[in-house]
2 protein chains.
Amino acid sequence: MTSTEGVGALFDRWQQRRLEPSQCPVRDVLDRLGDKWTSLIVVALAARDHRFAALHRAIPDISKRMLTQTLRDLERDGLVSRHVFPTTPPSVEYRLTPLGHSMLDPLGALVAWAESRHSEIRTARAVFDQRAA
Amino acid sequence: MTSTEGVGALFDRWQQRRLEPSQCPVRDVLDRLGDKWTSLIVVALAARDHRFAALHRAIPDISKRMLTQTLRDLERDGLVSRHVFPTTPPSVEYRLTPLGHSMLDPLGALVAWAESRHSEIRTARAVFDQRAA
DNA sequence: CTCCATTGGTCTCTATGTGAGACCTGGCCT
DNA sequence: AGGCCAGGTCTCACATAGAGACCAATGGAG
């Protein structure tokens, strides 16, 4: 079965379960990727482990508040682990867990899609905006 | 090269380009998937074409406001097409474009990952919440 | 001829989420 | 004693999202 058929079939199963978010793995998981920063942080941590400040430098337009919050959520979901070192001042390193690493293949597929289709999307936007004006 | 290395390498390229969102395909595209409803709508339309009200029934907890807005964004990006039929009252059908269909394979990979890892994530959450309390 | 229901939205108001940036902690160096 | 560092938390202001009333055009019921 292709992924396409798979997604359609999955949708029908959702319908049967009436899309209760707590029952639906996809809602549960895509809602997390469905925030502005999660995937960006995962990709940054895929490249290498990062300390808090380094992560903030890597993704300059996230606020400390959201960085903390997103990291906590990722930690809670078991995708990221947090390691405190007793230096002074204490330093904290964030790493992908094996579970986090297991997400990189599918996420990579999406990223590859994004790269290959980007120009097509930008063209579509330009056409749409042209037509609107 | 594995997707993992691919994602890491991509990250380094982002760093070089300083992550300017308009220059970065991944920001550009993941920001769109990074809203609460886009992927859900794409998956619904993957199963079959939908009219506005049917889509609203399929995803009951989206507001009309956000449904309209998300559909417009998807249309603008060329992932979804809008077809108006001159019935009375006029009916509108939404369909995935070929570009939209091309996203289903990578999206399906992510969905499959979500399904297979869901119980692991739920366990991790329970452990984290336990520890916090 | 009037009244109502229908579809695909838009509008307004409120609630929630996000960002900016000040502040905190506490040990070390000068 | 004063200032610095990392890794946060806190508060306030603003942007975004949700709920639900409202709308326009038409066809059918009475």
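Within every chain, numbering begins at 1; the chains are lettered A, B, ... in the order of the sequence lines, protein sequences first and strands thereafter.
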Among [options], which nucleotide has an atom closest to any side-chain atom of [X]?
X: B:Arg65; options: C:dC28, D:dG8, D:dA17; result: D:dA17
X: B:Val92; options: C:dG8, D:dT26, D:dG8; result: C:dG8
X: A:Gln69; options: C:dT18, D:dG8, C:dG9; result: C:dT18
X: B:Arg82; options: D:dG18, C:dG8, D:dA6; result: C:dG8
X: A:Trp37; options: C:dG9, D:dA6, C:dG19; result: C:dG19
X: A:Thr88; options: C:dC28, C:dT18, C:dG9; result: C:dC28
X: B:Arg72; options: D:dA19, C:dG9, D:dG7; result: C:dG9
X: A:Phe52; options: C:dG26, C:dG8, D:dG8; result: D:dG8
X: B:Lys64; options: D:dG7, D:dA19, C:dG9; result: C:dG9

Taking atom [atom2] of [N] as reference, at what distance in whole Å does atom [atom1] of [X] sit?
X: B:Lys36; N: D:dG18; atom1: NZ; atom2: C1'; value: 9 Å
X: B:His56; N: C:dT7; atom1: NE2; atom2: P; value: 13 Å
X: B:Arg57; N: C:dT6; atom1: CZ; atom2: P; value: 12 Å
X: A:Ile62; N: D:dG7; atom1: CD1; atom2: C1'; value: 14 Å
X: A:Asp35; N: D:dA17; atom1: CG; atom2: C1'; value: 15 Å
X: B:Glu93; N: C:dG9; atom1: CD; atom2: C1'; value: 17 Å
X: B:Leu67; N: D:dA19; atom1: CG; atom2: P; value: 13 Å
X: B:His83; N: C:dG9; atom1: NE2; atom2: P; value: 13 Å

Smallest heavy-atom separation, B:Tyr94 atom then B:Leu45 atom, equals O-CD2, 3.5 Å
Shortest non-hydrogen contact from A:Ile59 to A:Ala44?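 Answer, listing the atom of A:Ile59 first, then A:Ala44: CD1-CB, 4.5 Å.
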- [ ] Let me see the working for A:His83 and A:Ser81 under side-chain hydrogen bond (donor to acceptor under 3.5 Å, both in side chains), right down to the final yes or no.
- [x] CA-CA 7 Å; A:His83 306 268; A:Ser81 59; 2.8 Å; yes
Would you mind telling me which residue lines up with the more 5' stretch of DNA chain C, B:Thr68 or A:Met66, judged by nearest nucleotide?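 Its nearest nucleotide lies further toward 5', so the answer is B:Thr68.
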| said: On the nucleotide C:dG9, are OP1 or OP2 found under 4.0 Å from the side-chain N or O atoms that B:Tyr94 carries? | reply: yes
A:Thr70-A:Asp73 side chain donor-acceptor pair, cut-off 3.5 Å
no
CZ (A:Arg95) and CG (A:Asp49) are apart, to the nearest 0.5 Å, by 5.5 Å
| request: Scan B:Phe85 against the nucleic acid and name what it touches under 4.0 Å (heavy atoms): base, sugar-phosphate only, or nothing. | output: nothing
